[in-house]
*Asks:* 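Mind looking over this structure? Questions follow.
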Amino acid sequence: MPRSALVAPGPALSAAERTRHARHLLLPGVGEEGQRRLANARVLLVGAGGLGSPAALYLAAAGVGTLTIVDDDLVDLTNLQRQILHGERDVGRRKVDSARDAVSRIAGATTVHTVDRRLDESSVLPLVADHDLVIDGADNFPTRALVSRACALLAVPHVWASVHRFDAQASVWWAGEGPCYHCVFPQQPSPDQVPSCAVGGVLGATVGAIGSVLAVEAIKLIVGLGEPLIGRLLVHDGLAQTWDTLTVRADPDCRVCGSEADPTAPLSGGTAEPVPAAYRPGEGVAPEDLAGLLEGGATLIDVREPGEREIVTIPGAIPLPLAAVLAGAPVPPGVLVVHCKSGGRSARAVATLRARGVDARNLDGGILAWVARIRPEESTY
Ligand SMILES: [Zn+2]
């Protein structure tokens, strides 16, 4: 039984619009009325990265009327392997600008709004409330938590996917209609438990495949077609090339959408990366001070993964993965300076080591800051 359409039809199509969307007009269940619904739709796209790229391009090509693109990042050379909204000429530009240009090239009729900042407690609710549905292509857990809670609170459909290496998952979370994201994933993994694309690697084409699924689900919801992934988790194994769906159910005790949920609780509550109590920014070591400390006898510990060390290392650093530090592995005596990619994982290591009485200090900004300020000729990731 098809669901009712999420969006009311817009005005009648012009002759040119009918021609442009002729292949949609022929589709059972879409037709001119479905195309008018797409033209009237307002979609919020969080993240103009790997997942957001195909979603944005296909939604624009499909004739979605309004697309709001949120991203606070700049296009980096390492993005181009999968983020097909951006090209080589866009490196260094704001992603929202590059994305707007790419969408405009495909569909001049699509109105693009851009938001060049990270969403926070005050901005996320009005933004979500102003759209028919949200496509979540966020690359960080705090933003994902904010978006998912805002969608649940406002009962706005939350079209979601997650990719790791060759594998992906997708679903449509929709409080009241099925589970919300937190019903199924009540505990947010910490960043060191789930490697990001930068740490674990990711196949660009797999991101493209699952990003296209996001566009399909959004179009189905807008037009009222088929069976959206509400209450189902799509699980894709890219190496085995399998696509399975698991049934997932709303949790009556969900702390976000359950009957006992506190609608006044902070949207980001408990899901952001915890800042260890024993570490405060500013107590760390600036990249400029590292060489002096090492000459004075300090030892440099690199808590990153082996694949990261193949890209760039700081001379003299001793590899000791974060998991080993957290498990209590022995460390050299004396002052330790600990580094990771950008300072998050090493802050956890420092907190653990300090709790053991070790004089450990964090390299502020990680190896990325060290490369930027000391060795700009080195590779980054
Ligand atoms: Zn829930």
Side-chain angles (χ1 to χ4, degrees), residues 1 3-4 6 42-47 51-52 55 70 118-164 167-191 193-194 210 213-214 216-218 220-222 224 226-236 244-274:
M1 183 73 185
R3 304 184 66 85
S4 55
L6 188 65
R42 299 175 59 81
V43 173
L44 177 63
L45 178 70
V46 180
L51 290 167
V70 182
R118 189 163 282 206
L119 296 178
D120 58 24
E121 297 268 342
S122 60
S123 60
V124 70
L125 282 175
L127 202 55
V128 170
D130 193 33
H131 292 82
D132 298 306
L133 64 84
V134 176
I135 293 188
D136 181 357
D139 63 354
N140 65 88
F141 291 116
T143 299
R144 177 151 281 177
L146 269 180
V147 168
S148 58
R149 291 172 73 99
C151 288
L153 200 61
L154 296 165
V156 168
H158 174 205
V159 185
W160 165 94
S162 161
V163 187
H164 177 55
D167 302 329
Q169 300 178 325
S171 193
V172 174
W173 313 116
W174 196 354
E177 303 283 328
C180 84
Y181 172 75
H182 297 270
C183 289
V184 177
F185 298 107
Q187 297 290 331
Q188 287 290 287
S190 63
Q193 285 174 309
V194 176
I210 210 79
V213 167
L214 297 180
V216 171
E217 292 304 300
K220 283 161 62 183
L221 288 166
I222 291 165
E227 291 294 332
L229 283 171
I230 299 164
R232 290 184 297 151
L233 183 67
L234 178 69
V235 180
H236 170 52
D244 298 307
T245 54
L246 311 173
T247 299
V248 287
R249 292 191 170 84
D251 175 3
D253 298 323
C254 173
R255 65 190 169 84
V256 175
C257 76
S259 54
E260 303 291 312
D262 175 8
T264 63
L267 292 169
S268 58
T271 52
E273 181 179 0

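The figures here come from the full heavy-atom set of this structure, side chains too, leaving out hydrogens, waters and symmetry mates. Each ligand, and each atom within it, is numbered from 1 in the order the structure gives.
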*Asks:* With rounding to the nearest 0.5 Å, note down the distance linking CG in Leu146 to CG in Asp136.
*Replies:* 10.5 Å
*Asks:* Please report the number of protein N, O or S atoms that lie less than 2.8 Å from the Zn ion (ligand 1).
*Replies:* 4
*Asks:* Quick one: does Arg255's side chain get under 4.5 Å of Arg149's, heavy atoms only?
*Replies:* yes
*Asks:* Is any side-chain heavy atom of Pro186 less than 4.5 Å from a side-chain heavy atom of Asp251?
*Replies:* no
*Asks:* Taking the six-membered ring for Trp, are Trp160 and Phe185 parallel (under 30°), tilted (30 to 60°) or perpendicular (over 60°)?
*Replies:* tilted
*Asks:* Rounded to the nearest 0.5 Å, how far does CZ of Arg144 lie from NE2 of His158?
*Replies:* 6.5 Å
*Asks:* Once you round to the nearest 0.5 Å, how far does CD1 of Ile135 lie from CG of Leu51?
*Replies:* 10.0 Å
